[in-house]
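First comes the structure, then the notes that go with it.
Because the structure is predicted, anything quoted here is derived from the model rather than measured.
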Amino acid sequence: MRIVSNRDVWEERHSVAELGEAEPSVIEFQPLMPRGRALDIAAGKGRNSIALARSGIHVVAVDWSQTALNLLALIAKKDELEIEPVIADLEESLPFRPESFDIVLNISFLERGLFPSLKKVLRTGGVLLFDTFLIDQAASGHPRDPRFLLGHYELSELLSDMELIRYREGIVDYGAAKRAWRATALARRTT
């Protein structure tokens, strides 16, 4: 009997799924982000990393899936994008020095214990774009597990020690009858 690990599930998922478009908030808030170096947490195949790199930002894309990061490395090389793939288990910790990044993206990934590390790797004046699913999403689709869903205004509480530049909760319409309940925050580290 073969035991399937969580990592095996992600490797299989990334071997068949399409790259996809950048999350709308990444495109919308990009003009409010500083130039410099970005960290994309749980980057997958890099849909958001690619969007930032195409605007001239150097991106470190972190994921657990070798399959996803191999594809991202090929795209980055072909398109001459400054993307540096890094394999890491994000449930453990972030393998980066404090104040290493001007931007941190955390899209569709929720590990509440990482919030202190996400803030710590930001330089003063740097921004964190956090965009993931709300608890309402459980009634309408994936994910359903409450561990991966934010409560209402939980994100603003988790970022209460940062300057909130933008904040919203509600339904995001992706077109083609696809919608999701999401919480989105763009927050600046001030100290």
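- The structure places CG of Leu186 at 9.5 Å from CD1 of Ile103, a figure rounded to the nearest 0.5 Å.
- Linking Ile, Leu, Val, Met, Phe, Trp and Tyr whenever their side-chain heavy atoms come within less than 4.5 Å leaves Ile87 and Leu114 in two separate clusters.
- By the 6.0 Å contact criterion, CZ on Arg112 is enclosed, its count of non-hydrogen atoms from other residues, nucleotides or ligands being greater than 12.
- Smallest separation of non-hydrogen atoms from Ser100 and Arg37: O-NH1, 3.3 Å.
- Here the closest heavy-atom approach between residue Leu158 and residue Asp161 is recorded as O-OD1, 4.1 Å.
- In the hydrophobic clustering of this structure, Leu118 does not group with Ile107; members are Ile, Leu, Val, Met, Phe, Trp, Tyr whose side-chain heavy atoms approach within less than 4.5 Å, directly or through other members.
- Every residue two or more places apart in sequence or in another chain was checked for a side-chain hydrogen bond (donor to acceptor under 3.5 Å, both in side chains) with Thr132, and none qualifies.
- Under the 3.5 Å distance criterion, the side-chain polar atoms of Asp131 are left unmatched by any main-chain donor or acceptor of Ser108.
- The two residues Leu72 and Ala61 have their closest heavy-atom pair at CD2-CB, 3.5 Å.
- Atom CG of residue Leu164 and atom CG of residue Leu155 lie 7.5 Å apart, to the nearest 0.5 angstrom.
- Using a distance-only test at 3.5 Å, with no hydrogens or angles considered, no donor-acceptor pair links the side chain of Glu157 to the main chain of Glu154.
- Separating the CD1 atom in Ile165 from the CG atom in Leu129 is a distance of 10.0 Å, to the nearest 0.5 Å.
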When you look at Trp181 and Val172, which way does the side-chain contact (heavy atoms from CB on, under 4.5 Å) test go after all the steps?
-> CA-CA 6 Å; Trp181 286 91; Val172 174; over 6 Å; no
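- Nearest heavy atom pair, residue Ala51 against residue Ala22, reads CB-CB, 3.8 Å.
- Side-chain atoms of Lys119 and Leu159, non-hydrogen and from C-beta on, do get closer than 4.5 Å to each other.
- Looking at residues two or more places apart in sequence or on another chain, you find a side chain to side chain contact (heavy atoms under 4.5 Å, CB included) between Ala180 and Phe133, Gln137, Tyr174, Arg182.
- From Gln66, atom CD reaches atom CG of Leu71 across 11.5 Å, with rounding to the nearest 0.5 Å.
- Following chains of ILVMFWY side-chain contacts shorter than 4.5 Å, one cannot reach Leu69 starting from Val60, and the two form parts of different hydrophobic clusters.
- Atom CG of Leu134 is separated from atom OH of Tyr153 by 9.5 Å, given to the nearest 0.5 angstrom.
- Residue-environment remark: CD (Glu21) stays at or below the threshold of 12 foreign heavy atoms within 6.0 Å.
- Comment: Arg168 engages Glu28 in a salt bridge, judged by a side-chain N to carboxylate O separation of less than 4.0 angstrom.
- Under the 4.5 Å side-chain heavy-atom criterion for Ile, Leu, Val, Met, Phe, Trp and Tyr, Leu39 and Ile57 are members of distinct hydrophobic clusters.
- Residues Leu105 and Ile41 form no side-chain contact, since every pair of their non-hydrogen atoms from C-beta on lies 4.5 Å or further apart.
- For the side-chain contact (heavy atoms from CB on, under 4.5 Å) criterion with Leu128, the lone passing option out of Arg188, Met162, Arg189 is Met162.
- With hydrogens and angles ignored, the 3.5 Å screen pairs no side-chain donor or acceptor of Arg179 with any backbone N or O of Asp173.
- No side-chain heavy atom of Val127 sits under 4.5 Å from any side-chain heavy atom of Phe29.
- Using a 4.5 Å heavy-atom threshold, the side chains of Thr190 and Thr124 count as separate.
- The two residues Ser49 and Val59 make their nearest non-hydrogen contact at OG-CG1, 3.5 Å.
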side-chain contact (heavy atoms from CB on, under 4.5 Å) evaluation trace for Leu90 with Trp64 = CA-CA 7 Å; Leu90 297 173; Trp64 197 17; over 6 Å; no
What do the steps show when you test Leu52 against His58 for side-chain contact (heavy atoms from CB on, under 4.5 Å), and what is the final call?
-> CA-CA 8 Å; Leu52 287 185; His58 177 96; over 6 Å; no
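- Using modelled atom types and a 3.5 Å distance limit, the side chains of Gln30 and Ser55 yield a donor-acceptor pair.
- Closest non-hydrogen pair, Val121 versus Arg97, comes out as CG1-O, 4.0 Å.
- A salt bridge links Asp79 with Arg54: at least one charged nitrogen is closer than 4.0 Å to a carboxylate oxygen.
- Linking ILVMFWY side-chain heavy atoms closer than 4.5 Å, directly or via other members, places Tyr167 and Leu110 in a single hydrophobic cluster.
- Under a 3.5 Å cut-off, the side chain of Asp63 and the backbone N or O of Gly44 do form a donor-acceptor pair.
- Rounded to the nearest 0.5 Å, atoms CD (Glu23) and OG1 (Thr184) are 7.0 Å apart.
- By the salt bridge (Lys or Arg N to Asp or Glu O under 4.0 Å) test, Asp102 pairs with Arg123, sequence neighbours left out.
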Stepwise side-chain contact (heavy atoms from CB on, under 4.5 Å) test for Arg166 and Leu32 | CA-CA 10 Å; Arg166 297 285 190 275; Leu32 302 174; 3.9 Å; yes
Mind running ring pair (Phe, Tyr, Trp, His ring centres under 6.0 Å) on Phe130 and Phe115 for me, showing each step along the way?
-> CA-CA 10 Å; Phe130 202 102; Phe115 272 86; 4.7 Å; yes
